2 protein chains.
Amino acid sequence: MPTTPDQKLWTRTRQAVHAEVARIAMGLFLERGFEATTIDDIAVAAGISRRSFFRYFGTKEDIVLGDLAAHGELIREELEARPAAEDAWTALINALRHAPRLGQDDVTMLKISKMLYGTPSLRARSLEKHLQWQALLTPEIRRRLGVAPDDEHDLRADAIVACVLMCVDVAGEAWTRSAGSQSLEDLLLEAVAAVRGSAADA
Amino acid sequence: MPTTPDQKLWTRTRQAVHAEVARIAMGLFLERGFEATTIDDIAVAAGISRRSFFRYFGTKEDIVLGDLAAHGELIREELEARPAAEDAWTALINALRHAPRLGQDDVTMLKISKMLYGTPSLRARSLEKHLQWQALLTPEIRRRLGVAPDDEHDLRADAIVACVLMCVDVAGEAWTRSAGSQSLEDLLLEAVAAVRGSAADA
DNA sequence: AGCCTATCTGGCACTTAGTGTCAATCGGTC
DNA sequence: GACCGATTGACACTAAGTGCCAGATAGGCT
């Protein structure tokens, strides 16, 4: 159907297949568990070959965590857009609070979270993603600290970013444990307050 | 040689083999790299079968990180031995500072650190170990915060422990980057100071 | 010594993740 | 219709990790 060739067709096709495979795979994961689902299962269910699966996703974990890289980019943009008057902590936390959530409904999110925190290989990958976010956000925090964005000697920015992201993680885990009974945002502020002693504005 | 049967023989034998295999494997890792060394290589070099290797180490990463679990236990003991007058942060940091290092010389440690921070699978496992430490240390921190040690609703202790361990990680990375030119302890205090604004006593 | 049991060991087969290669195919263009 | 570039599936391969089984060996018991 070459009706709207606004982009290369196979680019659109590729994205469509990617999304479709991810959708089917997530369905299988939530149904029978992440580790119990093999890549062969996914390939069969999605109607593609095993080999083709690996052309769309580098690893099985990437199906669940693949979007996190893009999400980190959004947070970085949000962070750089924060007013210059905000100090490093405030800007970082507000960037996280205001970053657009690219997500499902809460019930599905909770299921995914439970899977994420309960599956070792997924947990490990998710921590690695946090490391990527860290590298992404640190330069801007260095700037707000009055240091050159590429100054590797000053580890203050690294420490601050790492701690805030750790707070996100702790909050996420608490949110999952409590089955979403408290808002993720409140939990994040609570965690940060425990570390800092004060919270940020709206 | 059943000269000193102070313990079961095969217990001592097992520990000896474990240590020997670890020694040989670490040699191979440092010589040709972690990922470039297969388990078959290690088994051949150690004179055991592939199958037996997995009876001593669950994964290849465990050779490098296996001792960390025991190390976490030492830190917990150190933490519980800190005077009651010390607040959560101070006790935690001092416990980390005074915990006995079960280590090699600095040159070897630096090589291992570089391998650790430079190999994704090792990095991931090391972060998982930090999670174990977190679970190990959180109850005592909760106690110092005046909460029940098993109170899962209060995430303050989780946040504090997570942040301090993240500071350890950031300090370790900076130490590795700077090739050990600054002491790890100073870097840790610097990282914590960036988060808190003040340091602990000696 | 002889027996019994628990443990360790090596070998084999198996599953799963992930990669390299290659010939066939399909969309889009001239 | 012919050409070009990207995609695809099939096959073979490496490497991690697990299950199973039969043989060796240490230690205890009589």
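In this text the structure is predicted, and so the values were computed from the model without any measurement.
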Inset, instruction - Kindly determine whether A:E35 and A:T119 satisfy side chain to side chain donor-acceptor pair (under 3.5 Å), including the steps that lead there. - result: CA-CA 8 Å; A:E35 287 173 326; A:T119 310; 5.6 Å; no
Legend entry - Whole-Å gap separating C1' (D:dT14) and CD (B:E35): 14 Å
Inset, instruction - To the nearest Å, give me how far apart CZ (A:R50) and P (C:dT19) are. - result: 10 Å
Legend entry - Nearest-nucleotide comparison on DNA chain D, the residue closer to the 5′ end among B:I39 and A:S49: A:S49
Legend entry - First of A:T59 and B:G47 reached from the 5' end of DNA chain C, by closest nucleotide: B:G47
Inset, instruction - Answer yes or no: is there an ion pair linking B:R123 with B:D169, defined by an N-O contact shorter than 4.0 Å? - result: yes
Inset, instruction - Would you please test A:R177 and B:E152 for salt bridge (Lys or Arg N to Asp or Glu O under 4.0 Å) and show each step? - result: CA-CA 9 Å; A:R177 261 205 315 263; B:E152 302 234 325; 3.3 Å; yes
Inset, instruction - Give the rounded distance in Å between these two atoms: CG of A:D40 and C1' of D:dA10. - result: 13 Å
Inset, instruction - Answer with base, sugar-phosphate or nothing: what part of the nucleic acid does B:F53 contact at a heavy-atom distance below 4.0 Å? - result: nothing
Inset, instruction - Round to a whole Å and report the spacing from CZ of B:F54 to C1' of D:dG17. - result: 5 Å
Legend entry - Touch class at under 4.0 angstrom, heavy-atom based, for A:F57 against every strand present: nothing
Inset, instruction - For the side chain of B:S52, starting at C-beta, report the closest nucleotide among D:dG9, C:dG10, C:dC8. - result: C:dG10
Legend entry - A:R125 CZ to C:dG18 C1', straight-line distance once rounded to whole Å: 11 Å
Inset, instruction - Whole angstrom is fine here: how far is it from NZ in A:K60 over to P in C:dT16? - result: 9 Å
Inset, instruction - Please answer whether the main-chain N or O of B:I160 pairs with a side-chain N or O of B:W89 as donor and acceptor at a distance below 3.5 Å. - result: no
Inset, instruction - Quickly work out the B:R14 CZ to C:dT7 P distance and round it to whole Å. - result: 11 Å
Legend entry - B:Y56 six-ring face occupied by B:R14 cation (under 6.0 Å, within 45°): yes
Inset, instruction - Output yes when at least one side-chain N/O atom of B:Y56 is less than 4.0 Å from OP1 or OP2 of C:dT9, else no. - result: yes
Inset, instruction - Determine whether any donor atom in the side chain of B:R51 lies under 3.5 Å from an acceptor atom in the base of D:dG17, or the reverse, and answer yes or no. - result: no
Legend entry - Donor-acceptor pair present, B:R55 side chain and C:dG10 base, under 3.5 Å: yes
